[in-house]
Asks: 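Next up is a structure, given as structure tokens.
Counting from 1, the numbers follow the sequence of the chain as shown. Quick note: numbers below take in every heavy atom, side chains included, and nothing from hydrogens, waters or symmetry partners.
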Amino acid sequence: QVQLVESGGGLVQPGGSLRLSCTASGFRLNDYSIGWFRQAPGKMREGVSCMKIGNPDTNYAGYAKGRFTMSRDIDKNAVYLQMNGLRPEDTGIYSCAVAASPAALCMGGNLAGAQYWGPGTQITVSS
């Protein structure tokens, strides 16, 4: 059974940091393109960052560049999102998702055609 589970969310003050984890079971993450997404209250979901199959390069949304870092641990079958310099506007539910197709587009931090999603983890940035 394909499953993704995020962890690491919570409440943090502006300027603080959090590290999110996305752990996969039932499949190998390295065989998929992977993306992080977020959805702020009252807004549409948007891409944060993504990696293509077999490509270690990471693509970020403009607001994430220089603050967020996505990485993958093949041995642990997990992907991470290190978030620094958090702002109140970063508040939302953060989810990871994967796409099996090599043609899945990863651009502007958004992974198109994601097939499997985790339930998400809440990030709240507030003083």
Side-chain angles (χ1 to χ4, degrees):
Q1 181 181 359
V2 173
Q3 189 174 22
L4 293 166
V5 178
E6 303 90 345
S7 61
L11 173 64
V12 63
Q13 292 187 342
S17 298
L18 282 174
R19 184 183 188 232
L20 304 183
S21 299
C22 171
T23 303
S25 59
F27 68 102
R28 292 199 321 156
L29 266 179
N30 202 42
D31 293 336
Y32 289 74
S33 295
I34 307 168
W36 280 102
F37 296 81
R38 72 181 189 182
Q39 186 166 19
K43 295 187 177 181
M44 294 184 64
R45 184 171 59 204
E46 60 182 354
V48 178
S49 61
C50 49
M51 287 179 169
K52 289 274 290 183
I53 296 172
N55 186 343
D57 294 338
T58 309
N59 190 276
Y60 296 94
Y63 62 81
K65 289 180 180 178
R67 297 191 300 133
F68 296 178
T69 303
M70 181 179 181
S71 60
R72 174 162 34 187
D73 188 326
I74 297 172
D75 292 337
K76 293 184 178 179
N77 210 31
V79 63
Y80 306 98
L81 185 67
Q82 176 67 43
M83 302 186 293
N84 300 326
L86 284 163
R87 306 165 180 164
E89 55 265 38
D90 293 319
T91 294
I93 297 174
Y94 285 68
S95 305
C96 60
V98 297
S101 171
L105 189 63
C106 168
M107 182 180 294
N110 187 66
L111 177 66
Q115 298 159 276
Y116 304 108
W117 293 80
T121 185
Q122 175 71 43
I123 306 297
T124 302
V125 185
S126 176
S127 56

Asks: What's the separation between atom CE in Met107 and atom CG in Asn59, rounded to the nearest 0.5 Å?
Replies: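 CG of Asn59 is found 7.5 Å from CE of Met107.
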
Asks: Quick one: disulfide bond (SG atoms under 2.5 Å apart) pairs with a partner in residues 37-97, sequence neighbours left out?
Replies: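 As it turns out, the disulfide bond (SG atoms under 2.5 Å apart) pairs with a partner in residues 37-97, which skip direct neighbours, are Cys22-Cys96, Cys50-Cys106.
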
Asks: Can you name the ring-ring contact (aromatic ring centres under 6.0 Å, His included) partners of Tyr32, sequence neighbours left out?
Replies: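 Partners of Tyr32 by the ring-ring contact (aromatic ring centres under 6.0 Å, His included) criterion, ordered by chain and then number, come out as Phe27.
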
Asks: Leu29 and Tyr116: same hydrophobic cluster, using ILVMFWY side-chain contacts below 4.5 Å?
Replies: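 Same hydrophobic cluster.
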
Asks: Taking a hydrophobic cluster as the set of Ile, Leu, Val, Met, Phe, Trp and Tyr residues connected by side-chain heavy atoms closer than 4.5 Å, whether directly or through intermediates, do Val12 and Leu81 fall within one such cluster?
Replies: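 Linked within one cluster.
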
Asks: If you define the side chain from C-beta out and look only at heavy atoms, does anything of Ser95 sit under 4.5 Å from Ile93?
Replies: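 Yes. Closest side-chain heavy atoms under 4.5 Å.
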
Asks: Under 3.5 Å, is there a donor-acceptor pair between the side chain of Gln3 and the main chain of Gly26?
Replies: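 Side chain of Gln3 to backbone of Gly26: no pair is present.
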
Asks: Between Lys52 (side chain) and Ile34 (backbone), is there a donor-acceptor pair under 3.5 Å?
Replies: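 Answer holds: no.
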
Asks: Would you tabulate the side-chain donor-acceptor contacts of residues 42-49 under 3.5 Å, counting partners in other chains and residues two or more places apart, or write 'none'?
Replies:
unit_1: Glu46; atom_1: OE2; unit_2: Arg38; atom_2: NE; d: 2.8
unit_1: Glu46; atom_1: OE2; unit_2: Arg38; atom_2: NH2; d: 3.2

Asks: For the residue pair Ala97 and Leu4, what are the closest heavy atoms and their distance?
Replies: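 Looking at all heavy atoms of both residues, the closest pair is CA-CD1, 4.0 Å.
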
Asks: Which distance, rounded to the nearest 0.5 Å, do you find between the CG of Asn84 and the CZ of Phe68?
Replies: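 Reported to 0.5 Å precision, the distance equals 8.5 Å.
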
Asks: Please determine whether side-chain contact (heavy atoms from CB on, under 4.5 Å) holds for the pair Met83 and Tyr94, giving the CA-CA distance in whole Å, both sets of side-chain angles, and the decisive distance to 0.1 Å.
Replies: CA-CA 11 Å; Met83 302 186 293; Tyr94 285 68; 3.8 Å; yes

Asks: Apart from Phe37 itself, what residues make up its hydrophobic cluster, given side-chain heavy atom links below 4.5 Å?
Replies: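 Noted: Phe37 shares its cluster with Leu111, Trp117.
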
Asks: Given 3.5 Å as the limit, does a donor-acceptor pair link the side chain of Thr91 with the main chain of Val125, or not?
Replies: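 Here the side-chain-to-backbone pair exists.
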
Asks: Nearest 0.5 Å, please: how far is CD1 in Ile123 from OG in Ser126?
Replies: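 Those atoms lie 13.5 Å apart.
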
Asks: To check you understand the geometry: which heavy-atom pair defines the closest contact between Trp36 and Tyr80, and what is its length?
Replies: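 Heavy atoms only, the tightest pair is NE1-O, 3.5 Å.
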
Asks: Once rounded to the nearest 0.5 Å, what's the spacing between atom CE of Met70 and atom OG1 of Thr58?
Replies: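 The OG1 atom of Thr58 is 6.0 Å from CE of Met70, to the nearest 0.5 Å.
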
Asks: Give, for atom OG of Ser17 and atom CD of Gln82, the distance between the pair rounded to the nearest 0.5 Å.
Replies: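 Nearest 0.5 Å value for the OG-CD distance: 5.5 Å.
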
Asks: Which hydrophobic side chains are connected to Ile53, either touching it within the sub-4.5 Å cutoff or through other members that do?
Replies: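 Direct or chained contacts put Ile53 with none.
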
Asks: Once side-chain hydrogen bond (donor to acceptor under 3.5 Å, both in side chains) is applied, what residue pairs with a partner in residues 64-77 remain, sequence neighbours excluded?
Replies: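 Matches after skipping sequence neighbours: Arg67-Asp90.
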
Asks: Please find the pair of heavy atoms, one from Ala99 and one from Ala114, that lie closest to each other, and give the distance.
Replies: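 Scanning both residues, the minimum pair turns out to be CB-CA, 4.0 Å.
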
